[in-house]
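Along the sequence shown, residues are numbered consecutively beginning with 1.
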Amino acid sequence: MSAIDRAKAHFKSLQVKTIEVPEWGDENGPLIVYVEPFTLKDKSKLQAVTRLGNSEADTLVELLVMKCLDKDGGKIFTIEDKPVLRNMVDASILERVSTEIMRVDFKELEKN
């Protein structure tokens, strides 16, 4: 197997992260947010948002729109949700979810 094939195989082996958000749940339980591993494209997009002089809040909102998926892999939030996320959602929950998205699971890395 070539080096690029091994690199792709490693990326495919990474686990999708799940984040429970009880505050956004319903009668069936907490909202479960699914997050796929970061790619350079994802990081580049976030860096571009930051370089454009946007606030930290804008960057967090961009992160949520980019990375939060439902169990079927569909986006939970859309571009149209950005104003609501900025102005009508509890900032502490946005920060907690964003932190979880960015958190590196070192135990999982050691397995690979």
- Joint hydrophobic cluster, Val49 plus Met102, side-chain heavy atoms closer than 4.5 Å: no
- Verify the cluster assignment for Val33 and Leu64: are they in a single hydrophobic cluster under the rule of side-chain heavy atoms below 4.5 Å apart? yes
Does anything in [range] form a salt bridge (Lys or Arg N to Asp or Glu O under 4.0 Å)? List the pairs, not counting sequence neighbours.
range	value
residues 70-79	none
residues 30-44	Asp42-Lys67
residues 45-54	Lys45-Glu62

If you define the side chain from C-beta out and look only at heavy atoms, does anything of [X] sit under 4.5 Å from [Y]?
X	Y	result
Val61	Thr59	no
Val97	Thr99	no
Val16	Val35	no

- Item | Exercise: identify the closest heavy-atom pair between Val65 and Ile79 | CG1-N, 4.2 Å
- Message: If I compare all heavy atoms of Pro30 with all of Pro22, which pair ends up nearest, and what's the gap?
- Response: CB-CA, 3.5 Å
Which residues pass the side-chain contact (heavy atoms from CB on, under 4.5 Å) test with [X], not counting sequence neighbours?
X	value
Ser55	Ala57, Asp58
Thr18	Ile32, Tyr34
Ser2	Ile4, Asp5

Once you round to the nearest 0.5 Å, how far does [atom1] of [X] lie from [atom2] of [Y]?
X	Y	atom1	atom2	value
Leu69	Phe77	CG	CZ	11.0 Å
Glu95	Glu100	CD	CD	13.5 Å
Ile93	Leu85	CD1	CG	11.5 Å
Ile76	Leu31	CD1	CG	5.0 Å

- Message: Between Lys17 (side chain only) and Arg103 (backbone N and O only), is there a donor and an acceptor less than 3.5 Å apart?
- Response: yes
- Task: Mark yes or no for whether Ser44, through its side chain, and Leu40, through its backbone, hold a donor-acceptor pair below 3.5 Å.
- Result: no
- Going through the distances and angles, do Cys68 and Ile19 end up as a side-chain contact (heavy atoms from CB on, under 4.5 Å)? CA-CA 9 Å; Cys68 292; Ile19 302 168; over 6 Å; no
- For Glu23, salt bridge (charged side-chain N to carboxylate O under 4.0 Å, His left out) partners two or more places apart: Arg96
- Message: Going by side-chain hydrogen bond (donor to acceptor under 3.5 Å, both in side chains), name the residues that satisfy it together with Glu56, two or more places apart in sequence or in a different chain.
- Response: none
- Query: Mind checking what makes side-chain hydrogen bond (donor to acceptor under 3.5 Å, both in side chains) contact with Thr78, not counting sequence neighbours?
  - Reply: Glu80, Asp81
